[in-house]
Amino acid sequence: MKLKQKINQYISDALANAAINVEQVNVVEAGKPEFGDYQFNGIMPLAKKLRRNPREIAAEVAEQIDTGGVIRKAEVAGPGFINLWLDDIWLGEETGRILSDPRIGVEKKPDPVKVVIDYSGPNMAKQMHVGHLRSTIIGDTLSNLLTFLGDEVIRQNHIGDWGTQFGMLIAYLEEIGEDTGSENLKDLEQFYKDAKGRFDEDAAFADKAREYVVKIQSGDPHCLVLWKRFIDISLGHCEEIYEKLNVSLAREDVRAESFYNEKLPKVVEALDKKGKLQMSEGAKCVFLEDEEIPVIIQKGDGGYLYATTDLAALWFRSEVLGAKRISYVVDARQAGHFKQVFRVARESGLVGEDVLLEHIAFGTMMDKGGRPFKTREGGTVKLADLLDEAVVRAKEAIKAKDAYDPAALENLARIVGIGAVKYADLSINRESNYIFDWEKMLSLEGNTSLYQQYAYARIMSIFRKYDGEIRGRIVIGNEIEHRLSLLLLRFDDLLERAAKDAAPHQITSYLYDVTTLFMRFYEQNPILKEEVGEETRQSRLALSALTANVIRQGLSILGIGVVERL
Ligand code: ARG
């Protein structure tokens, strides 16, 4: 049973014993050590209802709390709170138990579901930009998190591989030849500009491009071959980024927009059958209540829209893949789009009532001056360059850089540098805009990955110095050990909450708390010094080992590695 759930149970039992009826008990983690470990603040609303003095009720309930095992002390505080302290012996035993558990006490969900997570979604004709970077980093973390908790995660990379611009791009690819093409395609932005240049200057080329659009759409085999090659090359560039990022998106996770082409007429048909479609200015539309602008499903010329494809994808994900939760990790600026698409899908029965649909929105990436992230010349920042720079800067940030040979340093810098980029992105509330700041993300102090990685390496160095056996018995001897144990035991509750809220920053703040507390513990509690008794040493070693496990597992969910030495 989860820790918090267990404490709730103690309170429920006490309330029942005091003959007080409360539907749901929800204790909170106490904000300050002097308030104990948990706090129950559900008495006040109750007292109002019963027209009784809250402190009096609190005293009656506190009296009934079983303080013989898990809870050591229950105390009435303030206007009618009950503060709870956990028992040190019990805490030590529990902490010892999760030390020997490879899952660190994190229970698998009793009710796992199939979850589709739609993330990354770059557009093939364009450079992958910082918005896709955020989607990739956040989406991958959520996939790792839900997988760890036992859900069956289906990653979906909804790449933009369809649209009229492909006529022009393919005409250009054919013109310059495939070999030159795959070289030139390295810089998609430039390739696009060149193709557009040809389109604007040469009428014959423009005609050809338009012909290609028709040909691709009607499934002309030669054009399709060229189109596929174009997609293949540009997807290859995205995969280089995924690889650099240590993100687990693979080819089989790609289900491109074009995959849904043949399903689009069926969407129209299904909406029509439900009586949802109305003609407006020649287009087939769905009008939603309270919304002035309708959702266009099919244009007058027969063309479909971004929303139509998303409706088909929703149907596919719920009906064919069987997902019960469908999560879109996409820029907050698409909130309106998803709101509409979800409503149309629900109201028309394309997805069932029992399927949770969510837009996991994130804010814009800004530079230090608060402007949208661009190169000095105002162009789009190439992600590959950005990630390479992270590695170069990480090399500088590593304190003992001279102690490594070049290959080892390179490897270390990759883990640290990429980790810094990811951690910085994940550590802010995802809905806020995010300020990209090299100095801050590679700082040794504060809530950064480097701080975590140093703490981890420090613990590893303790174990290099200590070469005895670790028995894993934890005996809590002081306040800070108590708090550290409790915090480590809360890992299970924390991950559950972060998954429910789709909030990676809850994990980073938790890790920051763990590391900070560990550092204080480490300063105040000698481990290897001779005068420390063997039982205490063992206990402190065990707490250190558990801290390392939590850091490693926590960072691994964020897709960030650890190193043994730093
Ligand atoms: N390609 C889209 C873009 O760059 C993102 C795709 C998001 N996923 C979706 N199912 N619409 O804006």
Side-chain angles (χ1 to χ4, degrees), residues 115-143 153-166 169 188-189 192 227 230-231 234-235 237-239 241-242 245 247 249 253-261 263-264 267 295-297 304-321 323 325-346 350-351 355-365 372-373 380-383 425 430-431 433 502:
V115 190
V116 160
I117 304 187
D118 177 318
Y119 69 101
S120 199
N123 300 319
M124 294 297 104
K126 297 189 192 129
Q127 194 69 242
M128 197 167 162
H129 58 68
V130 287
H132 297 121
L133 178 71
R134 296 209 68 193
S135 171
T136 306
I137 293 174
I138 298 168
D140 204 54
T141 287
L142 293 174
S143 304
V153 173
I154 306 173
R155 294 163 149 92
Q156 293 284 279
N157 192 355
H158 191 83
I159 64 169
D161 68 341
W162 203 250
T164 48
Q165 71 273 35
F166 285 99
L169 294 165
L188 278 171
E189 212 75 343
Y192 190 90
W227 168 75
F230 179 87
I231 302 302
S234 40
L235 194 55
H237 296 320
C238 297
E239 284 165 344
I241 306 270
Y242 297 152
L245 272 176
V247 152
L249 274 177
D253 302 320
V254 172
R255 206 161 252 129
E257 286 186 9
S258 64
F259 170 82
Y260 300 102
N261 284 350
K263 298 171 181 70
L264 300 177
V267 170
V295 186
I296 304 173
I297 304 295
Y304 299 99
L305 290 101
Y306 184 51
T308 325
T309 305
D310 261 327
L311 286 168
L314 268 172
W315 170 82
F316 181 82
R317 291 162 181 189
S318 79
E319 279 308 305
V320 182
L321 300 179
R325 177 176 177 181
I326 308 178
S327 309
Y328 292 81
V329 187
V330 185
D331 195 312
R333 285 170 289 194
Q334 293 191 28
H337 163 77
F338 284 108
K339 205 170 137 218
Q340 287 190 329
V341 166
F342 292 170
R343 274 187 74 185
V344 174
R346 283 233 194 272
L350 273 178
V351 294
V355 182
L356 172 70
L357 304 178
E358 56 184 352
H359 174 206
I360 299 179
F362 55 80
T364 310
M365 189 151 141
F373 202 74
T380 324
V381 176
K382 292 200 185 74
L383 290 190
D425 194 327
R430 64 177 153 74
E431 277 167 282
N433 287 344

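Only this structure's heavy atoms are used, side chains among them; waters, hydrogens and symmetry mates stay out. Here the structure is a predicted model, which is why all the values come from computation and not from measurement. In each ligand, atom 1 is the first atom listed, and ligand 1 is the first ligand listed.
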SG-CG distance between C238 and L245, expressed to the nearest 0.5 angstrom: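 That separation rounds to 11.0 Å.
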Near-ring test Y304/Y260, centroid separation under 6.0 angstrom: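 For Y260 and Y304, the ring centres are not under 6.0 Å apart.
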Aromatic plane relationship, Y328 with F338 - under 30° parallel, 30 to 60° tilted, over 60° perpendicular: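 The rings of F338 and Y328 sit tilted, inter-plane angle from 30° to 60°.
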Distance dump, ligand 1 polar atoms to protein, N/O, under 3.5 Å:
residue  : atom   : partner : partner atom : Å
ligand 1 : 1 (N)  : G121    : O            : 2.8
ligand 1 : 1 (N)  : N123    : OD1          : 2.7
ligand 1 : 4 (O)  : N123    : ND2          : 3.1
ligand 1 : 4 (O)  : H132    : NE2          : 2.8
ligand 1 : 8 (N)  : D118    : OD1          : 3.1
ligand 1 : 8 (N)  : D118    : OD2          : 3.4
ligand 1 : 10 (N) : D118    : OD2          : 2.8
ligand 1 : 10 (N) : D310    : OD1          : 2.8
ligand 1 : 11 (N) : Y306    : OH           : 2.8
ligand 1 : 11 (N) : D310    : OD1          : 3.4
ligand 1 : 11 (N) : D310    : OD2          : 2.8
ligand 1 : 12 (O) : Q334    : NE2          : 2.8

Partner of L314 under side chain to side chain contact (heavy atoms under 4.5 Å, CB included), chosen from L350, V341, V355: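 Of the listed options, the one satisfying the test is V341.
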Side-chain donor or acceptor of R155 paired with backbone N/O of Y119 under 3.5 Å: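 No, because the side chain of R155 does not come within donor-acceptor range (under 3.5 Å) of the backbone of Y119.
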Min side-chain heavy-atom separation V267-L311 under 4.5 Å: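 Yes, their side chains come closer than 4.5 Å.
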